[in-house]
2 protein chains.
Amino acid sequence: MGKTRSAPTLNDVAKAAGVSTATVSRCLNSPERVVESTRKRVMQAVESLGYTPNFAARVMAANRSFTIGAIIPTMDNAIFARGLQEFQDQLRESGYTLLVSSSAYDPEVEREQIRTLVARGADGLLLIGYARDAEIYNYLEQHQIPSLVAWSYDPRVQRPSVGFSNTAAMGELARKVILTGHRQIAMISGKTKGNDRAQSRVEGVRLAMTENSLDPDTLTLIETTYEIEKGAEALRKLMNLSPRPTVVICGNDVLAAGALREARNLGIQVPEQLSITGFDDIELAEIVSPSLTTVHVPHREMGRKAAQELVEMVEGRSEGRSVCIDTRMVVRHSLAGPPDLP
Amino acid sequence: MGKTRSAPTLNDVAKAAGVSTATVSRCLNSPERVVESTRKRVMQAVESLGYTPNFAARVMAANRSFTIGAIIPTMDNAIFARGLQEFQDQLRESGYTLLVSSSAYDPEVEREQIRTLVARGADGLLLIGYARDAEIYNYLEQHQIPSLVAWSYDPRVQRPSVGFSNTAAMGELARKVILTGHRQIAMISGKTKGNDRAQSRVEGVRLAMTENSLDPDTLTLIETTYEIEKGAEALRKLMNLSPRPTVVICGNDVLAAGALREARNLGIQVPEQLSITGFDDIELAEIVSPSLTTVHVPHREMGRKAAQELVEMVEGRSEGRSVCIDTRMVVRHSLAGPPDLP
DNA sequence: ATTATCAATGTAAGCGCTTACAAGTGTATT
DNA sequence: AATACACTTGTAAGCGCTTACATTGATAAT
């Protein structure tokens, strides 16, 4: 910290109020254990000195920080913003503070951030998706830090999580796409390596194809990072293919927005000449035109439930349950039947 | 923290390596002060025990945290995301960690967050905009925590800041709007109370009007929170006015995107029947159609320079300089001349 | 009146780390 | 050979707080 030479300490308050440090500490942490008259005097001293407890000292002494850490892949787009905001609000209600850091989708960075957060005394951790080194989970185990996975839910994985089935959600959308008549299907996915959500979404599309007697190997797949620009780039590539896909399923709304923009730049009519779909239903999805057919993920609900569950775990009231959140397809204007072949 | 019963401590490492805790500490913090052979042995012990230093203890003992705090008004939209990302990256390069929290534009919450961050041992703080209680600045002074204001720059204010002149930036845009022929001007602004950036932007429009012999009192102003939905709402209200404004200047791109959407819903052609402008030039601005005429703010540059300056301050190499970042108008498709009167 | 009980407060032992200072060793200088 | 010095490592005193345990005084129970 800054050289806190002049900041008042517990001791200063104790002296000013004419009590012991223990009493001051009690006033702050369990006021009901101090008689009113004393408490008043102490609080006044706190007030007039402008005392703020030193967090590091408190954490060290109490071995408890009332802090929850979250590592998200990125803050750069809105995907995690909404859910995290709700997560934070709910946490605050339970008396916890949220510490966020972002890993830029880099497992190494994530590992480092996890260690940092643990070293900082986080009582519990929110992680995005299942996929990470066993070593990391071991580390958390060893330090006895409860962790909860969010944004993914897979009944086969034995690990507390609050999320949704990316496979099922994308599957539903893909089925709709196929039913609408599309056969030349392309997908712009996020990088699947180390990202189970991206993997599952691709998986969902493949499954839907198989179910409908389409060869999943005919799916044209481009993997890229989740940036608007990259979505645009990928679309450009896809439009050079022959035969051209009649629909582009995007791994999320950000990629879809990029694809949409590029289609406009190329003079391709959406959805008349080309259909495009998204995933997440962030605000962007409704803003772009045509508005995106996508999958709605109840981010707020997820954030709230994750906070509740994680607090339960931290306070020893739960061993870690999993919660599956329902998604639903949102049909808007970017999806239509394939154009008539010339 | 979680009950760290089993986590190894410095002491454990020291024993395992057969040295004193001081030596281990030195290996970790100033390795050059320990002879190679010893260092190797220690590092091996660190490795094999899976030791991570306890942050709270370190902060307490060293009175230094290598942590910078930032309180931003919201994470809910992209306004701050980009600049902050760069701020963080730059900070990391200098060996600092960023702690972010968001205040939801609430001064009370902000005050609390600042106290929390200080109590947590932040070495320095990044604050958005100048406007806040003197009491807060005093508090920081007392605790000797350097703070830097970002997203605002005003040569008249005697306080280190890295930002841009909101007045000048918006003024340039407004001048362009007026030159394009508009006389019926409306503005959808963020809440100006306690938000100097919003205030300055309104100010910028008024100034431009005055300069062009328009009465600034004829500016129709709606203040609202920075949400897409609110932008839409505001536009609806404006379109019920008579005479209808021919241009709607929005306080930022988010509001503009909402306004744009609503115009589309109302069947109003932009820019043929109505012009709309934004501010910030976030990705959204280029995605919507028509794409937004707006003011480009070099967020990355701002984030980077802010990090550099704040680190200098924290390390006592600077008393706090101010940096003015240049913005520039970006002309796209949402602004055109006013429609011919019927 | 005596003892058990309880509520309010004080005493002091750490929590895990850094660092000033002390101690020990080996090398250069005279 | 004696002295100085640099370098490496150890010793131990905190950093500001919480909390188990001890103490005190008052009230209730006998």
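All heavy atoms count here, side chains included; hydrogens, waters and symmetry mates do not. Chain letters run A, B, ... following the sequence lines, proteins first and then strands; every chain starts at 1.
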Next on the checklist: Please pick, from D/dT8, D/dC17, C/dA12, the nucleotide with the shortest atom-to-atom distance to any side-chain atom of A/L10.
Outcome noted: D/dC17
Next on the checklist: Does a side-chain N or O of B/S20 approach OP1 or OP2 of D/dG10 to a distance below 4.0 Å, or not?
Outcome noted: yes
Item to check | Donor-acceptor contact below 3.5 Å, side chain A/R132 vs main chain A/I128 | outcome: yes
Checklist entry - Is a side-chain N or O of A/S147 found less than 3.5 angstrom from the main chain of A/L126, in a donor-acceptor match? => result no
Checklist entry - Taking OP1 and OP2 of C/dC17, is either one under 4.0 Å from a side-chain nitrogen or oxygen of B/N11? => result no
Checklist entry - Does A/S152 reach the main-chain N or O of A/D196 with its side chain, forming a donor-acceptor pair under 3.5 Å? => result no
Next on the checklist: Measuring to OP1 and OP2 of D/dT18, would you say a side-chain N or O of A/S25 lies under 4.0 angstrom away?
Outcome noted: yes
Checklist outcome for this item: The nucleotide from D/dT11, C/dA8, C/dC17 with an atom nearest the side chain of B/T9 is C/dC17
Item to check | Earlier contact from the 5' end, DNA chain C, for B/F55 and B/R26 | outcome: B/F55
Checklist entry - Would one find a side-chain N or O of B/T23 under 4.0 angstrom from OP1 or OP2 of D/dT8? => result no
Checklist entry - 5'-most contact on DNA chain D: B/A57 or B/R33, nearest heavy atom basis? => result B/R33
Checklist entry - Does NZ or CZ of A/R159 come closer than 6.0 Å to the centre of the six-membered ring of A/Y137, within 45° of the ring's axis? => result yes
Checklist entry - Within the structure, does a side-chain N or O atom of B/N63 lie under 4.0 Å from either OP1 or OP2 of C/dT18? => result no
Checklist entry - Given D/dT9, D/dG10, D/dG16, which nucleotide is nearest the side-chain atoms of B/V19? => result D/dG10
Item to check | Per A/A62 side chain, nearest of listed nucleotides C/dT19, D/dT19, C/dG14 | outcome: D/dT19
